[in-house]
Amino acid sequence: MVPELGHLALIVALMVALVQSILPLVGAARRLPGLMAMAVPGALVQFALIAFAFGCLTWVHVTSDFTVENVVENSHTLKPLLYKVSGVWGNHEGSMLLWVLMLTLFGAGVALLGGGMPMALRARTLAVQAMITLGFLAFIIATSNPFQRVFPPPVNGHDLNPLLQDPGLAVHPPLLYFGYVGFSIVFSFAMAALIEGRVDPAWARWVRPWTLAAWTGLTAGITLGSNWAYYELGWGGFWFWDPVENASFMPWLVGTALLHSAIVVEKRDALKSWTILLSIITFSLSLMGTFLVRSGVLSSVHAFAVDPGRGYFILALMVIAVGGSFALYAWRAPALAPGGLFQPISREGALVLNNLLLATAAATVLIGTLYPLVLDVVAGERVTVGSPYYNATFVPLMVPLFALLVIGPLLGWKRSDLGSAFSRLKIALLAATFVVIATLALRWDGPLLGLVGIAAGSWVLLGSLAELADRIHLGRASLAEVRRRLGRQTRASWGMVLAHAGLGIAILGMVGTSLWVDEHIAAVKPGSHIRMAGYDITYKGVEPAEGPNYTAEAARFEVTRGGRPVTVLKPERRFYPVARMETTEAAILTRPFGDLYVATGAGPTPDTITARVWHHPLVPWLWGGGALMVLGGLISLSDRRYRLGAPSRRQQPAMAAAATAAE
Amino acid sequence: MRTRLLFLLPIVAFGGLAAAFLIGLQPGRDPRLIPSPLINKPAPEFTLPSLFDGEAAFSRSDLVGQVHVVNLFASWCVPCRAEHPVLQQLAASSGVPIVGINYKDRKEDAEGWLAELGNPFSRILADTDGKVAIDWGVYGVPETFIVDSRGQIRLKITGPLTEQSLKHDVLPMIRKLRG
């Protein structure tokens, strides 16, 4: 019964989406308030229906209803509850439902929180959002019904891929999709603006919080995903430039560019058609990622079950959405009124350069991801593209970006000069130089790239703090004045400082773990010692361990430092009998300046095991930096000008006038 | 007019991409199955040292006499890791000897990898500079070949073996060749 109710809810939602794709648009074109107003309840009803269907799917997973094919394929009665829930989105059908849930969540968000928006803009935005929902609901119902029954029902299920049975991965897809799919609403805003033929600061003010929300979710999702790869795949790599990873990274890069260019639209009424283009491209890349991951045109480690029929369907959706939006762009964007002028050396100039660098970086990732496919199609040749390509193309683009990131916020709008910006960064520059020299003293043999990376990371971190110090007149004014200024900083500016500083910290983490990792592999007997990064590690033997749906062999390693016990690490090798898969669970000791990482494997003789010990310097900084960026996004989102009904206290008069004129 | 053309650029670029995607989706184009000019040709001549010290070298003539699976792998290769359980399953279920060619790898890395994940191979050869892989027409690891008892290559699979490719391509071919 429950699966049929869920299926029914999907079909009703499809019909609501169909109505909502048309009527509010007609209403907005003919200025009929009644039709326009339909968009709001329509968006809410869609969300309620999809949430209900999602609840139904969760219900059949949690109760292990093996009459449903999706449950049979991905679940097992012995699986822990958390993974019964995460199993809902750990497969193609369920994750598509999560996709649509996020689409309607953002639609409902605009319906609920967009009370102050111009009525036509809201109606059009929600109508475009409903079109996307319509397409994906049709896709689910036609090709990927998660509620498909099986007869006769088997006694038990096939279990979820053990690699996915992990708390980090349980929460990773919802966050990732929140970000990935969240950019759909920005796309809808852009379409609405193109239909209307007007982009102004008020539009940017409506779009920015949604962009920021999606960006924050995507940042959290990517950070968690790479953290999962780090500890679950058993050798401490955090990023592989795999097509599936790139699929989430490209929207992040362009979304970051969008986040910044929308500021220029809001503050200076410039870069309008560029911002619209970025809005379209960001979501197009999300769509393309979905296509690449699920169609099987590229081979990847993280691939879903592949079905070419689904590939054609998503390609058709993508051609309609992306082709349609680019066509609308080519038709309407040239008519957008050009905005304010500015000198190259100015805040706008810096943001333009930021956008160019981020867009180029995204293009290099795009080329690296698609080159194997295009070459195959054009020349019939097969290649794979790996990290050497990205190190040669992507990394060099990041260096000027990071240099600029610190200088930009210190430049004034319209026209400015570099001299004064640099003079305010003297201390940060000196401090960053000091960090580089200190690194050199510590690791004089270090690769040049490592020093460049350390320089970039500390420059971004210290420069962001210096910018804050400059803004509160630290060292220039009395302590009372500094405190007063500190209290007056908006949450948006705190968000920027945190996100920028977090990026700096994350860069240091990436550099540390990529370039200075220490590795030791040995076959060990009980009593054997391994020395690594100042730790003395003693292997004590293995003991059997039992999980709910696996059996394991846990090795015991006692870790001491300078004769004093530090901890006991127990890496496991797990065997999942139902899925017939073995996984390694690494044991990790985290310290502020690095991780001690131990994983085990079968040894050459029965009484030995193979111990693989790594020291990953600075790797906790990578996760900490990512977390700070997310925190920055959240704090910025809570800025009072975004809050419902809050008057914008510090709005500039010119902008307030523009906003009123637009409404 | 010039600028108007500029605004058409995105849709033109996307059109090209979409066409590539469409061709990429054509049935029969499985990114894992690569038409190889070597199919039904004798396996190329080679002699490679064993990965392990003290074991004899292995050459093409050692392939003759029974059906072999030849698998190219490397410890630095992520898909190889995904493929590994399938290779173990293949070794356990069919008993076919799997000759592993360790491609452009360090000996200690390869040993650690095998120790960690288990060893499904009957012999492991070290192709440190990747020259033999070139003769075999390898694009990237992992790649898997089935060589019949006369030393002819009969099947080639590019990319990681999956349970599906095992069931649909590899095991049927082994069964056929063994008669």
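From a predicted model like this one, the values you see are computed outputs, not experimental measurements. Lettering follows sequence order; numbering is per chain, from 1.
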Check your understanding: Can you list the steps and then say if B:Phe7 with A:Ser273 is a side-chain contact (heavy atoms from CB on, under 4.5 Å)?
Key -> CA-CA 9 Å; B:Phe7 284 92; A:Ser273 75; 3.7 Å; yes
Exercise for review: Could you walk me through whether A:Phe326 and B:Leu8 pass the side-chain contact (heavy atoms from CB on, under 4.5 Å) test, one step at a time?
Suggested key: CA-CA 8 Å; A:Phe326 279 151; B:Leu8 280 169; over 6 Å; no
Review point. Crowded around B:Arg178 CZ? As in, over 12 foreign heavy atoms under 6.0 Å?
Key: yes
Study note, to complete from the structure: All heavy atoms of B:Gly112 vs all of A:Ile521, minimum pair found to be CA-CG2, 3.9 Å
Practice item. Start with the C-alpha gap between A:Leu370 and B:Phe21, add the side-chain angles, then the distance that decides, and say whether side-chain contact (heavy atoms from CB on, under 4.5 Å) holds. Key: CA-CA 10 Å; A:Leu370 296 183; B:Phe21 286 148; 3.8 Å; yes
Check your understanding: Which atoms of B:Leu22 come close to chain A, meaning under 4.5 Å heavy atom to heavy atom: side chain ones, backbone ones, both, or neither?
Key -> both
Review point. Any chance CZ of B:Phe52 has more than 12 other-residue heavy atoms, nucleotides or ligands included, within less than 6.0 Å?
Key: yes
Check your understanding: Taking every heavy-atom pair that is under 4.5 Å apart, which of B:Leu117, B:Ile11, B:Val12 has the most such pairs with chain A?
Key -> B:Ile11
Practice item. Give the C-alpha distance, both sets of side-chain angles, the deciding distance and a yes or no for side-chain contact (heavy atoms from CB on, under 4.5 Å) between A:Thr584 and B:Glu116. Key: CA-CA 8 Å; A:Thr584 41; B:Glu116 182 189 336; 3.9 Å; yes
Practice item. Look up atom CD in A:Glu519 and atom CD in B:Glu108, then write down how far apart they are to the nearest 0.5 Å. Key: 9.0 Å
Check your understanding: Using non-hydrogen atoms only, which part of A:Met288 is less than 4.5 Å away from chain B: side chain, backbone, both, or neither?
Key -> side chain
**Study point:** Atom pair CG/CG of A:Leu277 and B:Leu9 - distance to nearest 0.5 Å
**Key:** 9.5 Å
Point to revise | Neighbour count >12 (heavy atoms, 6.0 Å) for atom NZ, A:Lys525 | key: no
Review point. Given that the side chain runs from C-beta out, which part of A:Ile281 has a heavy atom under 4.5 Å from chain B: side chain, backbone, both or neither?
Key: neither
